[in-house]
Every structure is written in structure tokens, then in C-alpha cells.
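Below, each value reflects all heavy atoms present in this structure, side chains not excepted, and no hydrogens, waters or symmetry copies.
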Amino acid sequence: MTSVQSGSFWQHSQSYLDDEILIKKLLLSHDPDRRRLNSEMLLSAVENIVFHATASEELVSDKPVNANFKSNISNIELIESPEPLMHTIYKIAHEMLCKSPGKEDLHTRTMASFDLLGSHRWGAKAALALAAFAISYGEFSLLMQLRPHIPLAVSIANFKQIPSNMSMLKPQVKALRSLSKTMVDLTKCIIEYEALPLVHVGPDMEDLAVMKPKIYVTAYWIIRSTLVCSSQIKSLMAMKPEQVHAKHFKLNNSANFSYFSRYSNITIAAWELLSLDNRLSSIYSHLRPQVDAFRRQTEAKMHQKLLSLFKKSHIDNQNVLQMMFALKDDLPLKDCSTQEKLGVSALKSKVVLLLISKPDLLPFEQLFFLVNQTYDHPHNDKIEGSYAIIWVPISFYEAWTDAEQKLFDFISNSMPCYLVRQPWSLNSAVVNFMKQEWNYGGEAILVVLDSEGMITNLNALDMVFIWGSKAYPFSLSRENELWDGEQWKMQLITNEIHPILTQWVEEGRNICIYGSENLDWIREFNAKMKDIKDAGMQHEMIYVGKNNPGEHTKEILSIMNREIHSNLLSFTKIQLFWLRLESMRRSKSRLGNNASTDNVVAQVSALLDNNNDNGWAVYGKGLSTDIVRVEGDEIFRCLNLFRQWGENVGRLEFIDALRTVLEPPLVDGPCNHTQVVPYSEGLVQGNMVCQNCKLLMKKFTIYE
């Protein structure tokens, strides 16, 4: 790590206070326990107050001001504390406002505040002191901004005896605003430094020994400054009207001497604030780059440690999960179904699926299908408890926005899985690792860690969409294994999209899946298929629109349900149909297959890339691999020849009979083609069509 040099400020500060003695006193008061405050969120709430308090524009308008997610004090946790967060803040505010500044010197009062905050870490001390100050500062600024517009504000200001003309106090108020912002910026430095996982990456002890005292002294000057600011606000609110109403100043007029004295007091107060602001700004100019240097070096070491961690074998997954999620919080997870806070120990011996996405997670239909294919999948009962999905939302921006946090809060209350409770607190090195090593770029991925914490699949989302919980343990080898046992058949095309459709496949029914967005074509196609059904050839019709279904598909569904037949699949289910086909193509492509070498890829691509307005149809039966795909005008040519091929249905299967028209014979004259089919139960009564001449084959039995 780059050596942290002692800046000029730290040497200059010796003229004001002996830092070494001060640090010893500060450490005597510092006795942190197990309580943990989300200092970052508390400081964000303070910053929100400071921002609005220092805003020059008027806040009153017809447009409502939405509360910042982070400014909601109920969202800020103070873990393992004997008292609520607001009780702690009010106690500090009492120390600031209710003790007379004249009875004790400023240093003594500052040290008393440190005694009060002894159980907290340094960043929490500064954030709590700022929160206590922000209450009085925000209240004062709110009255000043609302008084010209709202009668209630006028009444309260008069009741508090706040002067109506504050023009003389502008220098003091301006200095107060500037110092408030500087205190917030400095507190961010302390919180960021304390959030670094220094213990886990082995920091340079020499650099650490230089940095820590600076953090202690910085916290001291922040809290000291909050006491000064609070005292001045108290004085401002206690000023009498005549103290700020004088308009003229003449040095030769003895009657104006008292005015000069009052003006001097205001100038001195403003100078005191500016002096503190300059001091804190000097601290910030040295501390900010040093904290940034620590962060860069720590992130680089953290990245290397994560790389090393994932290359090693482990007894379980705890070291890996601890490093990723539990650096700041012992209970980093939440079970959405019970709202219970959990540690990573709850995932021990489980296969862990990390669902990494933006805060809006997935489109509704994909989220619905993910739940349907995992927690609601029939096969899930057999492996329940063997795996867990952890949602890890990552902001699209450098820092979480208000809208993202509200969206996360909303979604997190309706998810059936686990999630990271405070994803905005994830270590930046962990987030960057996911982006760089796991190729997360904004599109949702499902990274699989086995029970020992090893990565077995960098994205299992597609295999979950295709096979659901049957894909357990969701490894890349399992994906290959599943594809080895698959063929292009109706079961693969429709698997688990709808329970009735699954039942039809298992019962061996003839099924026709068709698509088009040409309503005239749909009407004509259904009319011809109805004629075939009326002739005794039973089949089920399933409309699926076309790839990327939209509003037009919804309109067609509505018309079909009124005019033609009630379609089994809703619009959402149609979306899922196409989602599974897209997943099949992506899954196959990742495994190195393409349309020229793999029949499944070829058939799936033909459906996904079909832009024919005249529609298409896929005919299949149950679990059979004999599937016929017909497109455009070829469908009607085939259906118009129904009497010709329909005669064969009695002897052949529906699909085989249809194929005799679609595929002309490959040979002229007698055909001598033979085919040996291994015996299986139920095949004795079946028939087979010759692939060459398209005629019914004679059957013989061979005994070995």
C-alpha cells in the first residue's frame, strides 16, 4: 500500500492542541461493544437534511416533495443496542443544546460527547453527532424557508421569537451552511475507511499506525464543530428582534455603539464558523486522497484474495460466503418468506444460486417463471432444502439511487427466496469481482456455488428456465447431461408451461402448436383444423403468437377467445413459451452447438427467427420424437389434401399420415429399406412409416 504521509495540517494542529494527549484521552473514552449502526444510511439522512436546508430555491410549491428512502429513520438499523436509535440521537442533542456553553469550555463538552458515544465506532460517533445537530439545524432552516409562505410557520417562528428580518445574519448563516457540508464530507471519509475489509486483506501495519490517529482527531473536530454549530443555532433562535433590525451605522454616533457591538458579535460568530470550516477543509484535503489510496489498494488485494479463494477446495461454503457478504454484517441475508435475518451459516451444505441482477430484478414473466420452475416445480419436493437462491441486486449506477432502493424494498417483500438485506452496503471489491470475473454486465445471471463454495456454473438461468428444479445441482456438467438425454419432441417444447399441456403430453395426445399475428390466416387455419377434428381425428390446438409477443398478440387472444376457441395459454404463458425457446438456444450455444450441427438448435431457431406473416404449425404426439413443422402456404396445401392423407390415419399415426403428404418419396418403384427397432413394451401393436418411400412398413419379429 502507498505510504500514508503526515500532512502539514497534522503538524500545524500541534499549535492548537497536543494531538498525542488528545488521542490518548479519546481512546480512553472509546469502548465499542457489539452494537452496529448503519452509519452510511444515517449520514445519508443527515445529508438529505443539509441539502434541503442549504438549498437556495424555495421548497414550497404545488409539487409534493418525495421523502428520500435513506432519510427514513425507520430504515436505519442499530443492531444489539440497549436503546432505540432516536433515543441515542436525542441524548446527544440534549448534550448539545441543553447544557449552557458558558459553564464548561468547548473541549470539555466535546470530550463529554465522546464519553456518551463511547460504545460506537468512530464513524458512528460522528454520524450520530451530526444527526443530533441536523435536527435543530433542519428545524431552524425549515422555519426560515417556509415563513414567507405558510401562516403556520409564521406562528411557530413568532412563538419561538425568531426575528423576521435575518438579512444581517446572512454571513453567519452562510458560514453555518458551508461548515455543515464539510462535516458531512469528512464523516463520509471516516465511514468509508472503517468499511474497508482491512482485517481480511492484511494491511500494511505501518500505514495503519499512521492512519488511525488521523481518524481519531478528525472525529474529534467533527463533533467539536457540531457543538459550536448547535450553540450558534440556539443563539440565533434566541435573538431579540431589535438585535437584528438596525439599518444604519455611524461611528461618530454613540447611540449606535451597542449596534456596533451586536454587529461585531455576529461577525465573530461567523468568523468562528469559517475558522472551523477552514480547519476541517484542510483535514479533508489530506484525508480524502489517503482514504482513496487505502480503498484502491484494499480492493486490489481483495480481488486477488477472492480469485485465490475460488481456486481452492474447501470443507464447506462458509469462507467464500463470509468473504462475499458478511464483511460488515453478521446477518447479511433475509428470508423473504419469513422476513427473518440470517447469517451465511444458514447456507451451509447447500448448493447456492446467486441471482445477480439490477434492482428491478427480472421482467415479471421471467420472475414468475423462475419461481414456477424452482419453488413451485413438482420435482422441488424431492430436493427441498438442498439448494437456496440468493438475490444479489447491484445498482446500475455508481451509487444506489432513491428509486432503486424503493424498488428493492418493494420487491424484497414479495420474493420467496433469500436476498442480501442491504445490497448498497456490499463491498465494492465484491461487486467489481462479479462484474469482471463473472461477466455481469446488467443482464441477470445465476451463478452456482456447490456446497463447498466452488463455482460450477457461471449462469444457470437458462437451464432453470428449461428444466426447472430437475436441473439440480445446476452445474455445467449437469447441463450437458440433461441435453444428452433430450431430443426434439413435444415434451421438451412445452415442459411445465401449463399443467394441462403437460398432462396432454403424458397422455400421448396429438398436439398442434401454431403461431401467427395474421388474424385472417388464424381464422382460416382453425376452420380447416376443425374440419379434420370433426372427421374424427382428435388433436389439441395451442396458439402461441410469435417471438417477442406484444399488444397485438393480446388483441388476437381476445378475438380468438370470442370467435374461435378458448386458448389454453394466457399472454403470460405465451411469453414463457418463447422465453424457454430463447433459453434453449442460448444454452446450446454456450455448449458449442449451432443450427448446422444440432437438430434442437435448428428447430428452435426456425421458430424464433420466423417472420412469416402466414404463420407456422408444429405437430407432435405425446413423448414421441416424431414432430412435423410446417410453414406458410405449405400448411394449407397439406390441409387441402386431407382426403388423400386422411385415409392413412386409420393405419398410421396422425403425424405419420401427415408426413406422407409433406415429404414426397425418396425412391421410385419398389423399396427395399429395412430398419431394426429394439423391442419395447407397447411397440408390438404400433406401425412405422418408411423414411424413403413414405409407405407403411411390413413388420417382422427377430429373435436373438
Assess the side chains of Arg629 and Gln603: does a donor N or O sit below 3.5 Å from an acceptor N or O?
yes
Could you check whether any side-chain N or O of Ser308 sits under 3.5 Å from a backbone N or O of Lys305, counting only pairs where one atom can act as donor and the other as acceptor?
no
Within a strict 4.5 Å, meaning less than it, do heavy atoms of the Val420 and Phe325 side chains meet?
yes
If we ignore angles and hydrogens, is there a donor and acceptor under 3.5 Å between the side chains of Ser589 and Arg585?
no
Sequence neighbours left out, cut at 3.5 Å: what donor-acceptor pairs do the side chains of residues 442-454 make with other protein atoms?
unit_1, atom_1, unit_2, atom_2, d
Asp450, OD1, Glu452, N, 2.9
Asp450, OD1, Gly453, N, 3.0
Asp450, OD1, Met454, N, 2.9

Ile556 versus Leu519: any side-chain heavy-atom pair under 4.5 Å?
yes
What closest approach, in Å, do Gly550 and Phe571 show between heavy atoms, and which atom pair accounts for it?
O-CE1, 3.4 Å
Indicate the atoms forming the closest heavy-atom contact of Gln318 with Val344, along with that distance.
NE2-O, 3.1 Å
Quick test of your reading of the model: are Arg36 and Asp330 salt-bridged, counting only N-O distances below 4.0 Å?
no
Side-chain ion pair, Arg421 and Asp335, N-O less than 4.0 Å:
no
Report yes if some heavy atom in the side chain of Phe369 is under 4.5 Å from a heavy atom in the side chain of Val464; otherwise report no.
no
Between Asp316 and Lys348, which heavy-atom pair has the shortest distance, and what is it?
OD2-CE, 3.2 Å
The reported gap from CD in Glu582 to CG in Asn548 (rounded to nearest 0.5 angstrom) is 7.0 Å
Charged N-O contact under 4.0 Å between Glu340 and Lys334
no
Correct closest heavy-atom pair for Ser516 and Gly615 would be CB-CA, 3.6 Å
For residues Asp329 and Gln422, is any side-chain donor paired with an opposing acceptor at under 3.5 Å?
no
Could you tell me the separation between the CG atom of Leu419 and the SG atom of Cys336, rounded to the nearest 0.5 Å?
3.5 Å
Under the side chain to side chain donor-acceptor pair (under 3.5 Å) rule, what do Glu517 and Thr553 come out as? Steps first, then yes or no, please.
CA-CA 7 Å; Glu517 289 199 338; Thr553 303; 2.6 Å; yes
Ion pair present between Asp520 and Arg523, side-chain N to carboxylate O less than 4.0 angstrom?
yes
With a 3.5 Å distance limit and no angle check, can you tell me whether Trp578 reaches the backbone of Lys546 through a side-chain donor-acceptor pair?
yes
Under 4.5 Å between any side-chain heavy atoms of Leu353 and Val351, yes or no?
yes
I'd like to know if Lys358 pairs up with Glu404 as an ion pair, taking the criterion as any Lys NZ or Arg NE/NH1/NH2 lying under 4.0 Å from an Asp or Glu carboxylate oxygen.
no
Quick one: does Lys621's side chain have a donor or acceptor within less than 3.5 Å of a partner on Ile511's backbone?
no
Donor-acceptor pair, side chain of Asp409 and main chain of Gln405, under 3.5 angstrom:
no
Quick one: are Leu557 and Asn567 in side-chain contact, heavy atoms under 4.5 Å?
yes
Phe433 backbone acceptor or donor facing Tyr440 side chain under 3.5 Å:
no
Ignoring hydrogens and angles, tell me if any N or O in the side chain of Asn510 forms a donor-acceptor pair with the backbone of His539 under 3.5 Å.
no
Side chain of Arg580, backbone of Phe465: donor and acceptor closer than 3.5 Å?
yes
Assess the pair Trp438 and Phe310: is the distance between their ring centroids shorter than 6.0 Å?
yes
Output for pair (Met560 CE, Met541 CE), nearest 0.5 Å, gives 7.5 Å
Judged by modelled atom types alone, do Tyr543 and Asn526 share a side-chain donor-acceptor pair under 3.5 Å?
no
Indicate, with yes or no, if the rings of Trp616 and Trp521 have centres closer together than 6.0 Å.
no
For a 4.5 angstrom cut-off between non-hydrogen side-chain atoms, does Val618 reach Leu607?
yes
Short question: side chain of His498, backbone of Ser570 - any donor-acceptor pair under 3.5 Å?
no
Could you walk me through whether Tyr514 and Ile542 pass the side-chain contact (heavy atoms from CB on, under 4.5 Å) check?
CA-CA 6 Å; Tyr514 68 101; Ile542 309 294; 5.8 Å; no
Mind checking the CG-CG spacing from Leu579 to Asn547? Nearest 0.5 Å is all I need.
10.0 Å
Under the side-chain contact (heavy atoms from CB on, under 4.5 Å) criterion, do Gln339 and Asn413 qualify, and how do the steps go?
CA-CA 8 Å; Gln339 299 299 303; Asn413 291 323; 3.5 Å; yes
For Ala602 against Ala595, the heavy-atom pair lying closest together
CB-O, 3.5 Å
Could you tell me whether Gln487 atom CD has more than 12 heavy atoms of other residues or ligands within 6.0 Å of it?
no
Go through it in stages, so that I can follow the logic: the residues are Met302 and Leu327, the test is side-chain contact (heavy atoms from CB on, under 4.5 Å), and I'd like the CA-CA distance, side-chain angles, deciding distance and then a yes or no.
CA-CA 11 Å; Met302 184 76 172; Leu327 294 177; 3.2 Å; yes
Quick check with a 6.0 Å cut-off and a 45 degree axis cone: is Lys350 positioned over the face of Tyr387's six-membered ring?
no
If the plane angle is over 60° it's perpendicular, under 30° parallel, otherwise tilted; pick one for Trp391 and Phe408.
tilted
Check whether any side-chain N or O of Thr597 sits under 3.5 Å from a backbone N or O of Asn593 as a donor-acceptor pair, and report yes or no.
no
Do Glu40 and Trp424 pair up side chain to side chain, a donor and an acceptor below 3.5 Å, judged on atom types alone?
no
So do the side chains of Leu361 and Met415 get within less than 4.5 Å of each other, counting heavy atoms only?
yes
Output for pair (Asn495 CG, Lys489 NZ), nearest 0.5 Å, gives 10.0 Å
Residue pair Asn432 / Glu299, side-chain heavy-atom distance below 4.5 Å
yes
Which word best sums up how the rings of Phe474 and Tyr472 line up, parallel for under 30°, tilted for 30 to 60°, or perpendicular for over 60°?
perpendicular
Judged by modelled atom types alone, do Glu479 and Ser587 share a side-chain donor-acceptor pair under 3.5 Å?
yes
Just wondering, are more than 12 heavy atoms of other shown residues or ligands nearer than 6.0 Å to CD in Glu398?
no
Looking at OG1 of Thr401 and NZ of Lys406, how far apart are the two atoms once the value is rounded to the nearest 0.5 Å?
10.0 Å
What pair of heavy atoms forms the shortest contact from Leu482 to Ala471, and how long is it?
CD1-CA, 3.8 Å
So, Ser477 versus Asn480: side-chain donor-acceptor pair below 3.5 Å or not?
no
Looking at Ser414 and Ile411, would you say the former's side chain and the latter's main chain have a donor-acceptor pair under 3.5 Å?
yes
As a quick check of understanding, evaluate side-chain contact (heavy atoms from CB on, under 4.5 Å) for Ile564 and Ile559, giving each step before the final call.
CA-CA 8 Å; Ile564 305 173; Ile559 295 171; 5.9 Å; no
